[in-house]
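One structure is given here, and the rest of the page talks about it.
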Amino acid sequence: MSHTSHPPAMKMGLPISDAKLGMWLFLGTEIMFFTAFIGTYIVLYFGSVDANGVSAWPKDTDVTHIKIWAGGLNTFILLTSSYFVVVAHEAMSQKNFAKARKFLWFTFILACVFLSVKGIEYRGKISHEILPGKVAETEEQAIQKMSSDIEYRYYNELAATVPNIAITDVDGDGTADRDFPTDQAMINYQRSAALPQLVANSEGEQKEEYAALLALDGKVASLREMISANKLTYAQAGTLLHDMTEDEDYGSILSGLHLAHPILYGNLFASTYFLMTGFHAIHVIVGMILFAMALAQGSNLNENWSNWVENAGLYWHFVDLVWIFLFPLLYIIPGNI
Amino acid sequence: MDHAHSESHPHVNYLFVFLALCVCTALSVIFDVVEMSPSLLVFAVLAVAVAKASFVMTYFMHLKFEGRWKFIILMPTAILGVGLMVALAPDIAMHYYDYDVMQSQVDPPEHGHDAGHGTHAVEETTEAHH
């Protein structure tokens, strides 16, 4: 059998490598993934109106703890890392693998810096409780939040101070007469109910500690009553909390508590913020893994990795693209309107 | 094949593209600092973002030098992405009713005093904040 005239094999499909086609198809789905989040944010921004129909989305950067400098810095970091990936890819095609490795390292380090800046921002949000479901949106919610913060501190202090035997020993002979309750509300109730007895039976510093808790118990009960009777205004709540934290007996238990500043739609803001920046950060981490796998080859990095670096680069540029839109939409525009 | 492939990529001065991107970022920051009307700011900042995105896609992602397959892959998803936003807008971002008839419950009516008016509440309570 001889083939003298061999017809050229028919080339099916697109004139690019399968890996690159796969990456582009994936990036196509990623476009939809992120436009869904960004679109949701924009639509909710306009949909969240106050009683006058004006958008009441939280925009003040002092309220939302959005740091424009951090967004700008991260934009610059990602742009620079994108450039380094391009340089690395070019070096790969010139078979200058040492240079490629160097610039892949630079990219990897910049990705770490990006995540660090993001971490600083997240820490600020967490410390100010700008978290989904944690933000008080109205004055009533702020008062409720204050009350539950106080109760949380109070019950924690109770748990640390009141011994379990004070609950289980009813007749005071030092032995347990009944089972320790399983229900947390019942435990809290019985601990506070044991306080008068403990004050009567103890001395010195211990007695003062129990007496302070007993005084706080009275305050917590009256606060709860005022809230359920709707008798406490926001300004009164602020004064009340201030007086409580200054109290010389139990003030130390409540130190650092403050009445939250109501942020209308603050929870929606926090949800969209963390959804968008969080998924973006996950993409950054995935990109770092892709680069790390090429870097793990060490000095064995060769032309077989050219496609890998190209596709990881494409992915990285996409991560950069998303941030290019997040920066104005999340940082600059809300901060200036 | 590989050779022909690399030949089809004219040399791009990537450093120049990178500097252009830096200038664009600086422009965004300038727009942030300079006083201007909100609508102009939104337009300017988003225009800069689109310019940056097109630089990255055209040169860094080599789309300028790719075949027409790029349209086949990217157009449907771009259309669907924008379509999703357009589809969401009427239900959530637009309002068909007078504001006397609230679409979303901002102010629980059973609580008497002026809760819910966010800006009002903020003015009254700044002294209690921190």
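Treat the numbers as computed from the prediction; the structure is a model and nothing was measured. Chain identifiers are assigned alphabetically (A, B, ...) following the order of the sequence lines, protein sequences preceding nucleic acid strands; residue numbering begins at 1 within each chain. Just so you know, these numbers use all the heavy atoms, side chains as well, and skip hydrogens, waters and symmetry mates.
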Flag the one option from [options] with the top tally of heavy-atom pairs under 4.5 Å to chain B.
{"options": "Tyr83(A), Phe325(A), Trp316(A)", "value": "Tyr83(A)"}
{"options": "Ala56(A), Ser82(A), Gly72(A)", "value": "Ser82(A)"}
{"options": "Thr239(A), Thr80(A), Thr75(A)", "value": "Thr80(A)"}
{"options": "Thr35(A), Leu21(A), Leu44(A)", "value": "Thr35(A)"}
{"options": "Thr40(A), Val86(A), Val63(A)", "value": "Val86(A)"}

Worksheet item: Which residues, numbered in order, of residues 45-58 of chain B come under 4.5 angstrom of chain A by heavy-atom distance?
Response: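 Against chain A, the residues of residues 45-58 of chain B that fall inside the cut-off (heavy atoms, under 4.5 Å) are Val45(B), Leu46(B), Ala49(B), Val50(B), Lys52(B), Ala53(B), Val56(B), Met57(B).
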Fill in: Proximal to chain A - members of residues 27-36 of chain B, heavy-atom separation under 4.5 Å
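Near chain A, by residue number: Ser28(B), Asp32(B).
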Worksheet item: Can you name the residues that form a ring pair (Phe, Tyr, Trp, His ring centres under 6.0 Å) with Trp323(A), not counting sequence neighbours?
Response: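 Counting only residues at least two positions away or on another chain, Trp323(A) forms a ring pair (Phe, Tyr, Trp, His ring centres under 6.0 Å) with Phe114(A), His280(A), Tyr331(A).
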Fill in: Test ring pair (Phe, Tyr, Trp, His ring centres under 6.0 Å) applied to Phe279(A) - qualifying residues, sequence neighbours left out
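Scan of Phe279(A) (ring pair (Phe, Tyr, Trp, His ring centres under 6.0 Å), adjacent residues dropped) gives Phe33(A), Phe37(A).
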Measuring heavy-atom distances to chain A, does [X] have an atom under 4.5 Å in its side chain, in its backbone, in both, or in neither?
{"X": "Ile79(B)", "result": "neither"}
{"X": "Ile72(B)", "result": "neither"}
{"X": "Leu88(B)", "result": "both"}
{"X": "Leu41(B)", "result": "side chain"}

Side chain, backbone, both or neither of [X] within contact of chain B (heavy atoms, under 4.5 Å):
{"X": "Glu90(A)", "value": "side chain"}
{"X": "Leu321(A)", "value": "side chain"}
{"X": "Ile31(A)", "value": "side chain"}
{"X": "Ile263(A)", "value": "neither"}
{"X": "Leu329(A)", "value": "side chain"}
{"X": "Ile68(A)", "value": "side chain"}
{"X": "Leu27(A)", "value": "side chain"}

Discussion item. Check this for me: Tyr59(B), atom OH, are more than 12 non-hydrogen atoms of other residues, nucleotides or ligands nearer than 6.0 Å?
Written reply: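 Atom OH in Tyr59(B) is not packed in, count stays at 12 or less.
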Item to complete: May I ask you to check whether over 12 heavy atoms, not counting those of Asn13(B), lie within 6.0 Å of atom CG?
Response: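 Atom CG in Asn13(B) is crowded, with more than 12 foreign heavy atoms closer than 6.0 Å.
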Could you pull out the closest heavy-atom pair between [X] and [Y], with the gap in Å?
{"X": "Ile42(A)", "Y": "Met85(B)", "answer": "CD1-CE, 3.7 Å"}
{"X": "Lys231(A)", "Y": "Gln236(A)", "answer": "O-OE1, 3.3 Å"}
{"X": "Phe71(B)", "Y": "Pro76(B)", "answer": "O-CD, 3.8 Å"}
{"X": "Met276(A)", "Y": "Phe34(A)", "answer": "O-CE2, 4.3 Å"}

Discussion item. I need the Leu74(B) CG to Glu66(B) CD distance, nearest 0.5 Å.
Written reply: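 It comes to 10.0 Å.
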Worksheet item: Can you tell me how far OH of Tyr45(A) sits from CG of Leu330(A), rounded to the nearest 0.5 angstrom?
Response: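 One gets 11.0 Å once the value is rounded to the nearest 0.5 Å.
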Discussion item. Parallel, tilted or perpendicular: which one describes the rings of Tyr41(A) and Trp57(A), with boundaries at 30° and 60°?
Written reply: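 It falls in the perpendicular class, over 60°.
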Worksheet item: Do the ring centers of Phe103(A) and Phe106(A) come within less than 6.0 Å of each other?
Response: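 Close enough - the centres of the two rings lie under 6.0 Å apart.
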Discussion item. Against Val135(A), only a single residue in Leu264(A), Leu268(A), Asn267(A), Thr64(A) fulfils side-chain contact (heavy atoms from CB on, under 4.5 Å); can you say which?
Written reply: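 Going through the options one by one, the only one that passes is Asn267(A).
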Item to complete: Please check if any side-chain donor atom of Glu310(A) sits under 3.5 Å from a side-chain acceptor atom of His62(B), or the reverse.
Response: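 No, His62(B) and Glu310(A) have no side-chain donor paired with an acceptor closer than 3.5 Å.
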Item to complete: Find out whether Leu84(B) and Met32(A) are in side-chain contact, i.e. whether some heavy atom of one side chain is under 4.5 Å from a heavy atom of the other.
Response: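 A side-chain contact is absent here, since even the closest heavy-atom pair is not under 4.5 Å.
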Worksheet item: Is any side-chain heavy atom of Phe269(A) less than 4.5 Å from a side-chain heavy atom of Ile66(A)?
Response: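 Result yes, sub-4.5 Å side-chain heavy-atom pair found.
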